[in-house]
Amino acid sequence: MDKYQVARMLDEIARYIQLGETNPFKSRAFERAARRIETLERDITELVSSGELYSISGIGKGIGPVVTEIVTTGGASYLEELREQYPPGIFDLLRVPNLGLKKIGVLYEKLGVTSIDELEKAAKDNLVADLPGFGKKTQQKILDGIGFARKRESQFLLPRGLEVGELIREQLATIDEVEDAEVAGSVRRRLEIIRNVNVVVSTRAPERVIEQLPKFVADLEAVGETTVKGIARGEMPVLFHFTFPEDFGLALLRATGSEEFVTAFETKAGRKLKARNEEQLFEKAAIPFVEPERRENADDLKRKKRPSLVHPSDLRGTFHVHTTHSDGRNSVADMLAAARDRGFDYCGITDHSVAAYYAGGLSTERVKIQQAEIAREAKNVAPMRVFKGTEADILPDGTMDYGEDLDMFDFVVASIHSRFQMTEEEMTERILRALDDPHVTILGHLSGRRLLTRDGYRVDYDRIFDKAAARNVLIEINGNPQRLDVDWRWLRNAADRGVMFTINPDAHSIREMSHVISGTWVARKAGLTAKEIFNTKPVEEVEEWLEKKRLSR
DNA sequence: GCCGTTTTCGGCCCGACTGTTTTCAGTCG
């Protein structure tokens, strides 16, 4: 039982409490305790056995025994009681936008609503509008929200597809008749949102393979002469495309898509080509290889030679990393070690600025404490260079949080975290003003989008790119798979205007340092090469560039 | 539920927005 498992159970308790409890501070106490436990440096089991648990601020006579029970028995009777009190899947209702735990609690108490289907029926029967705190507009909003949630049900973030694809490949490898299997489709093209996973299976005996598929996927059905469809993990459609080994190249190309690309390729190639792999296929067709990420359209088929897209191994450092000083889950030491273990020559630490209260934004006093710790920890990861930065809020009027105090930092990521519903004109002006602040080094997650959750705010991209190029401000490619922001469809346009990019993880934990990889997907889809990405530069050049930027303040 | 040179009750991290209210609660970031 590690501290994260304890924290997860406390979080679950907190969610249940919100369903039925009017006092919002009780659930918040559990949440706060979860955060405290998550960020403990010491072993939780030790703290429990020594009784030191109660010296942790936020753990008293109510939560203390719960934590003790979890650590010693692996479960909590309080949580079991709560689970029995509510139907399983009640939290699924959270997928409806603008529906929170309070309202879900009321819907369950008064109407017995336990699922999205039941909620839809209740709203259509006009029962929701009469509930206390609800009304006609809320009822309609709920119905709209259900439509939104349903639409999203058939869409997945790319990492889910990669995960399922890898799992299926491993499972196929256990079947003797399978000679080879590759993930294709939108997952291979690294599209940010996918609907299914395509796998090309090379075999001489497709029937024998199909016989064994029910071990791995449910609801198997044929959807064409050479394709079988199933559902993995209860939700993800998987399409198995069968081919003989000598045709694997063409089968992989076709299953990878896009349709536009495949059609154009086959037209250009002129005839059906036999090839055991894709490289061979392109060679036979006398067409320079096109990376899967670049196959959304047929543009790259016109190229004379294969472009050298930026690769994760080109990255020598990164710049957007949170720690426990604000809303990160791991300490400065842990995050720096994670960067070093990734082979980085430099890493920029950025916690939130004071205006981001909800994310634990740092006052200038707390910045000093954070920076002292960074200075201490930097010695342990030398020769990796550590930069002291901040992710500072762009305030509604376009001025920067911290103001002149931004001088404290080696670099500044400027981001928007509030007032999303400004008009396009207002939002654009807000960002342009921030770009004029000489402290600003990087513009963070430009659109603010959360994939499958909310659209980004509307801005005039061209004006922002022009200003960023003129002011020598880097544009962040935020690699968080929920963001992947700026959208790759805009990047070429920005690059052509002379904008320089930095691929950042926006990491809130050690695990999320891997978001630099997802960031490179975005850059590759846009056709960017290493020389357009700032954090492929050697540390000396980066230091020099940042120093020059500092002197121009 | 937790905490206190505000010691046993009354506050708890802030602000915008929306809709349901007639002064505020829920949701979201």
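Order of the sequence lines fixes the chain letters, A, B, ..., with proteins taken first and strands second; residue numbering starts at 1 for each chain.
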Margin query: Taking B:dG26 as the reference, what is the distance to B:dT21 when you measure between their C1' atoms (whole Å, please)?
Written below: 13 Å
Item checked: Integer-rounded Å distance: B:dA25 P and A:N23 CG -> 13 Å
Checklist line | Listed nucleotide nearest any side-chain atom of A:F420, set B:dG29, B:dG1, B:dA16 | finding: B:dG29
Item checked: Whole-Å gap separating P (B:dT20) and CZ (A:F134) -> 10 Å
Item checked: Lys/Arg cation over aromatic A:F134: A:K103, 6.0 Å, 45° cone -> yes
Item checked: Residue mapping more 5' on DNA chain B - nearest nucleotide basis, A:T138 or A:G360 -> A:G360
Note to self: Salt bridge check, A:R329 against A:D334: does any charged N sit closer than 4.0 Å to a carboxylate O?
What the structure shows: no
Check: Taking for each residue the nucleotide of DNA chain B bearing the nearest heavy atom, is the 5' side occupied by A:N98 or by A:I17?
Finding: A:I17
Notebook entry, point to check: Choosing from B:dC2, B:dA16, B:dT20, which nucleotide comes nearest the side chain of A:K137?
Noted result: B:dT20
Item checked: Salt-bridge present (A:R430, A:E426; N to O < 4.0 Å) -> no
Check: In whole angstrom, what separates A:Y457's OH from B:dA16's P?
Finding: 17 Å
Check: Between B:dG29, B:dT27, B:dC13, which nucleotide has the shortest distance from any of its atoms to the side chain of A:K103?
Finding: B:dT27
Check: In whole Å, what is the span from the NZ atom of A:K26 to the C1' atom of B:dG10?
Finding: 18 Å
Item checked: Protein-nucleotide distance (A:I56, atom CD1; B:dG1, atom P), rounded to Å -> 18 Å
Item checked: Separation between the P atoms of B:dG11 and B:dA25, rounded to whole Å -> 15 Å
Check: For the pair made of CG in A:D130 and P in B:dG19, what is the distance, rounded to whole Å?
Finding: 18 Å
Item checked: Interatomic distance at C1', B:dT23 relative to B:dG29, whole Å -> 24 Å
Checklist line | Distance in angstrom units between A:R32 CZ and B:dC14 C1', rounded | finding: 15 Å
Next item on the list: Please state the C1' separation for the pair B:dC14 and B:dG4 - nearest whole angstrom.
Entry: 23 Å
Next item on the list: For nucleotides B:dT22 and B:dT8, find the distance between their C1' atoms and express it as a whole number of Å.
Entry: 36 Å
Checklist line | Per A:F25 side chain, nearest of listed nucleotides B:dC12, B:dC2, B:dT18 | finding: B:dC12
Check: Does A:R28 come within less than 4.0 Å of A:E21, counting only side-chain N to carboxylate O?
Finding: no
Margin query: Tell me whether A:D506 is salt-bridged to A:R483, with the criterion being a basic N under 4.0 Å from an acidic carboxylate O.
Written below: yes
Next item on the list: Using the C1' atoms only, state how far B:dC2 lies from B:dT7, rounded to an integer number of Å.
Entry: 14 Å
Notebook entry, point to check: Rounded to the Å, how far apart are A:R28 CZ and B:dC13 P?
Noted result: 7 Å
Check: Expressed in whole Å, how much space separates the P atoms belonging to B:dG15 and B:dT5?
Finding: 26 Å
Next item on the list: Determine the interatomic distance between P on B:dT20 and the same-named atom on B:dG10; round to the nearest Å.
Entry: 34 Å
Note to self: Over all strands shown, is A:S57 touching base, sugar-phosphate only, or nothing at heavy-atom distances under 4.0 angstrom?
What the structure shows: sugar-phosphate
Item checked: Watson-Crick or G-U counterpart of B:dG10, or none if no pair lies under 3.5 Å -> B:dC3
Item checked: Ionic contact status for A:D462 with A:R497, cut-off 4.0 Å -> yes
